[in-house]
Amino acid sequence: MTSLSTGEPWPCVLRTARLTLRPAEPADASAFTRLWTDADVRRFLGGPVAEDQLAAYQQNFAGRPHLFTVVSRQATAVLGSVSIDPKSRFDGRREVSYSFLPEHWGQGYAREAVTAAVGWALGHIPSDDPSVIAVTQEANSRSRHLLEAIGMRPIRNFIEWDAPQTMYSVRRGDLSDEL
């Protein structure tokens with residue numbers, strides 16, 4: 001399913017059948033800017049990043065630990081991003097987040113990339129908790145379906161940012177390896 005190009009936890013490159021997940025680079029700025037400003041991408045993420053905050057985002061994303069740029073192995077086009085927060089605001093648990101450009105939705109890329117990143121996190125990012133979590137708005141049916149498809153299960157519902165949220169969790173043995 002996934003191969004690591006290095007034995008080191010970070011930086012590393014993950015490869016799947018169709019994708020390469022690599023550390024974010026300055027050359028990815030235009031694709032990341034689209035991820036931060038596209039209304040469809042940001043629909044369930046609080047809306048587009050404000051113009052006055054965009055420069056800080058652009059200066060600080062490249063080289064950020066555990067932030068993968070997802071590219072097609074054939075065309076090397078940037079499809080989206082996946083990140084792992086090793087100590088999230090949720091009791092310091094490992095948390096996966098992701099966003100993909102709309103033209104790449106519905107093709108299984110996010111599922112493939114998130115599965116690879118979560119599998120890597122479970123094996124390479126130490127934690128007192130044996131799981132990786134993800135949080136999404138209840139209204140985001142596409143994201144909820146993706147998380148359930150890779151083996152994540154809902155564990156908690158709560159309100160945040162004036163919207164119902166669902167927290168998902170997966171442990172190594174429950175992570176789907178079918179891509």
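For clarity, every value in this text was computed on a predicted model and none was experimentally measured. Counting begins at 1 with the first residue of the sequence.
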Item to check | Polar side chain donor-acceptor pair, Tyr109 to Ser72, under 3.5 angstrom | outcome: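 No, no side-chain donor-acceptor pair sits under 3.5 Å.
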[X]-[Y] co-clustered via ILVMFWY side chain contacts under 4.5 Å:
X      : Y      : value
Ile150 : Met167 : no
Trp120 : Val114 : yes
Val41  : Leu146 : yes
Leu45  : Tyr98  : no

Checklist entry - Any cation-pi pair here, Arg156 with Phe158, using under 6.0 Å and within 45°? => result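 That pair qualifies as a cation-pi contact.
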Rounded to the nearest 0.5 Å, what separation is found between the [atom1] atom of [X] and the [atom2] atom of [Y]?
X      : Y      : atom1 : atom2 : value
Trp36  : Phe61  : CH2   : CZ    : 5.0 Å
Ile84  : Ser127 : CD1   : OG    : 11.5 Å
Leu19  : Glu112 : CG    : CD    : 4.0 Å
Leu147 : Thr115 : CG    : OG1   : 9.5 Å
Ile155 : Phe90  : CD1   : CZ    : 10.0 Å
Leu67  : Ser97  : CG    : OG    : 10.0 Å

For [X], which residues count as a salt bridge (Lys or Arg N to Asp or Glu O under 4.0 Å) partner, sequence neighbours excluded?
X     : result
Asp38 : none
Arg64 : none
Glu25 : Arg22

Item to check | Single hit among Thr69, Asp28, Leu35, Leu101 for side-chain contact (heavy atoms from CB on, under 4.5 Å) with Ser81 | outcome: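 Option passing the side-chain contact (heavy atoms from CB on, under 4.5 Å) with Ser81: Leu35.
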Checklist entry - side-chain contact (heavy atoms from CB on, under 4.5 Å) with Ser131: which of Arg172, Arg171, Arg94, Met152? => result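 Result: among Arg172, Arg171, Arg94, Met152, Arg171 is the only option passing the side-chain contact (heavy atoms from CB on, under 4.5 Å) with Ser131.
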Determine the minimum heavy-atom distance between [X] and [Y], stating which atoms define it.
X      : Y      : value
Leu21  : Ala113 : CD2-O, 3.6 Å
Pro48  : Ala39  : CG-CA, 4.0 Å
Leu122 : Pro130 : CD2-O, 3.5 Å
Pro23  : Cys12  : CD-O, 3.3 Å
Arg144 : Gln137 : CD-O, 3.8 Å
Pro102 : Asp40  : CG-CB, 4.3 Å

Item to check | Short side-chain to backbone donor-acceptor contact, Trp105 and Phe100, under 3.5 Å | outcome: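 Yes.
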Checklist entry - Is it true that a side-chain atom of Asp174 and a backbone atom of Val170 form a donor plus acceptor pair closer than 3.5 Å? => result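 Side chain of Asp174 to backbone of Val170, a donor-acceptor pair under 3.5 Å: no, none is there.
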Next on the checklist: Taking Arg153 first and then Glu148, would you say they form a salt bridge - that is, a charged N and a carboxylate O separated by under 4.0 Å?
Outcome noted: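 Salt bridge: no.
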Checklist entry - Are Arg34 and Glu103 ion-paired here, with the side-chain N under 4.0 Å from a carboxylate O? => result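 Glu103 and Arg34: salt-bridged.
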Next on the checklist: For Phe44 together with Trp161, are the ring centres under 6.0 Å from each other?
Outcome noted: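 For Trp161 and Phe44, the ring centres are not under 6.0 Å apart.
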Checklist entry - Does anything in residues 124-139 pair up under salt bridge (charged side-chain N to carboxylate O under 4.0 Å, His left out), and if so which pairs, sequence neighbours excluded? => result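 Matches after skipping sequence neighbours: Arg93-Asp129.
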Checklist entry - Applying salt bridge (charged side-chain N to carboxylate O under 4.0 Å, His left out), which residue pairs with at least one partner in residues 75-87 are found, sequence neighbours left out? => result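 Not a single pair qualifies under salt bridge (charged side-chain N to carboxylate O under 4.0 Å, His left out).
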Does the side chain of [X] reach to within under 4.5 Å of the side chain of [Y], using non-hydrogen atoms?
X      : Y      : value
Val96  : Ser83  : no
Tyr168 : Ile133 : no
Glu160 : Gln165 : yes

Item to check | Verdict with supporting geometry, Tyr57 and Thr33, side chain to side chain donor-acceptor pair (under 3.5 Å) | outcome: CA-CA 8 Å; Tyr57 275 68; Thr33 299; over 6 Å; no
Checklist entry - Quick check: are there more than 12 heavy atoms from other residues, nucleotides or ligands sitting under 6.0 Å from CD of Glu51? => result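 Open: at most 12 neighbouring heavy atoms sit under 6.0 Å from CD of Glu51.
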Item to check | Thr20/Leu14 under side-chain contact (heavy atoms from CB on, under 4.5 Å): CA gap, chis, key distance, verdict | outcome: CA-CA 6 Å; Thr20 298; Leu14 308 178; over 6 Å; no
Item to check | Hydrophobic cluster partners of Val71 (side-chain heavy atoms under 4.5 Å) | outcome: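 When side chains under 4.5 Å apart are linked, the cluster holding Val71 also contains Val78.
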